[in-house]
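Because the structure is predicted, anything quoted here is derived from the model rather than measured.
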Amino acid sequence: MSSMPSPHPPEFRRRAVELARQGDKPLLQLAKDLGVSRSCLQNWLRQADADENAGTGDRLTSAEKKELAELRRRNKQLEMENDILKRAAAYFARENVLPK
């Protein structure tokens with residue numbers, strides 16, 4: 001599973017979070033100015049909080065999300081390889097049992 005490139009670079013997100021935290025503008029207005037939805041900006045804020053308070057909340061850090069995605073991909077690959085090995089073992093077991 002290849003992830004789509006982020007439409008907004010990390011630096012843009014960081015700056016947006018900084019501006020939102022300054023509180024000079026309502027979130028809705030800031031989001032509009034940045035060309036993103038309010039919910040998108042709120043997600044960035046929550047993710048930044050999770051990344052900065054690693055291990056203290058119930059939200060995964062960005063690093064943990066990346067690791068989880070990689071582990072899921074690797075698990076899927078191993079499950080497929082395991083399935084192939086099981087089929088091969090069953091095939092060869094049948095081959096050895098049948099009289100020649």
Side-chain angles (χ1 to χ4, degrees):
M1 180 178 87
S2 66
S3 61
M4 296 291 295
S6 173
H8 301 287
E11 188 50 46
F12 179 85
R13 290 174 178 226
R14 269 193 298 279
R15 188 71 186 115
V17 166
E18 285 173 17
L19 291 170
R21 286 177 174 169
Q22 284 172 9
D24 296 337
K25 288 184 180 180
L27 270 191
L28 185 60
Q29 184 59 49
L30 179 59
K32 202 178 230 179
D33 293 349
L34 294 172
V36 299
S37 69
R38 181 172 183 222
S39 62
C40 177
L41 185 54
Q42 286 173 320
N43 281 338
W44 291 351
L45 279 163
R46 281 194 294 272
Q47 190 62 60
D49 289 343
D51 290 349
E52 289 157 20
N53 304 310
T56 59
D58 59 354
R59 192 177 177 93
L60 295 177
T61 65
S62 295
E64 289 168 333
K65 281 183 175 180
K66 187 175 181 183
E67 180 185 17
L68 181 59
E70 176 59 26
L71 289 170
R72 283 181 174 157
R73 186 196 64 74
R74 182 75 179 123
N75 189 49
K76 195 173 194 176
Q77 181 183 350
L78 290 170
E79 284 174 350
M80 286 186 340
E81 290 172 5
N82 196 26
D83 189 46
I84 290 168
L85 289 173
K86 280 182 189 171
R87 288 188 207 171
Y91 173 79
F92 288 117
R94 277 197 309 272
E95 287 290 301
N96 291 333
V97 170
L98 294 175
K100 302 275 185 222

By side chain to side chain donor-acceptor pair (under 3.5 Å), which residues pair with [X], not counting sequence neighbours?
X	answer
Glu81	Gln77
Arg38	none
Lys32	none
Gln42	none

Partner residues of [X] under the salt bridge (charged side-chain N to carboxylate O under 4.0 Å, His left out) criterion, sequence neighbours left out:
X	value
Lys65	none
Glu52	Arg21
Asp24	none
Glu79	none

Asn82 side chain reached by Lys86 side chain, heavy atoms, under 4.5 Å: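 Sidechains of Asn82 and Lys86: in contact.
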From CG (Asp49) to OG1 (Thr61), nearest 0.5 Å: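 Going from CG on Asp49 over to OG1 on Thr61, the span is 13.0 Å.
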From Arg87 atom CZ to Leu85 atom CG, the distance as rounded to the nearest 0.5 Å: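 That separation rounds to 11.0 Å.
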Set of residues satisfying side chain to side chain contact (heavy atoms under 4.5 Å, CB included) with respect to Lys76, sequence neighbours excluded: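 Applying side chain to side chain contact (heavy atoms under 4.5 Å, CB included) to Lys76 gives none.
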Other cluster members, [X] - Ile/Leu/Val/Met/Phe/Trp/Tyr, side-chain contacts below 4.5 Å:
X	value
Leu78	none
Phe92	Tyr91
Val17	Phe12, Leu19, Leu27, Leu30, Leu34, Val36, Leu41, Trp44, Leu45

Within 6.0 Å of CZ in Arg46, more than 12 heavy atoms from elsewhere: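 Yes.
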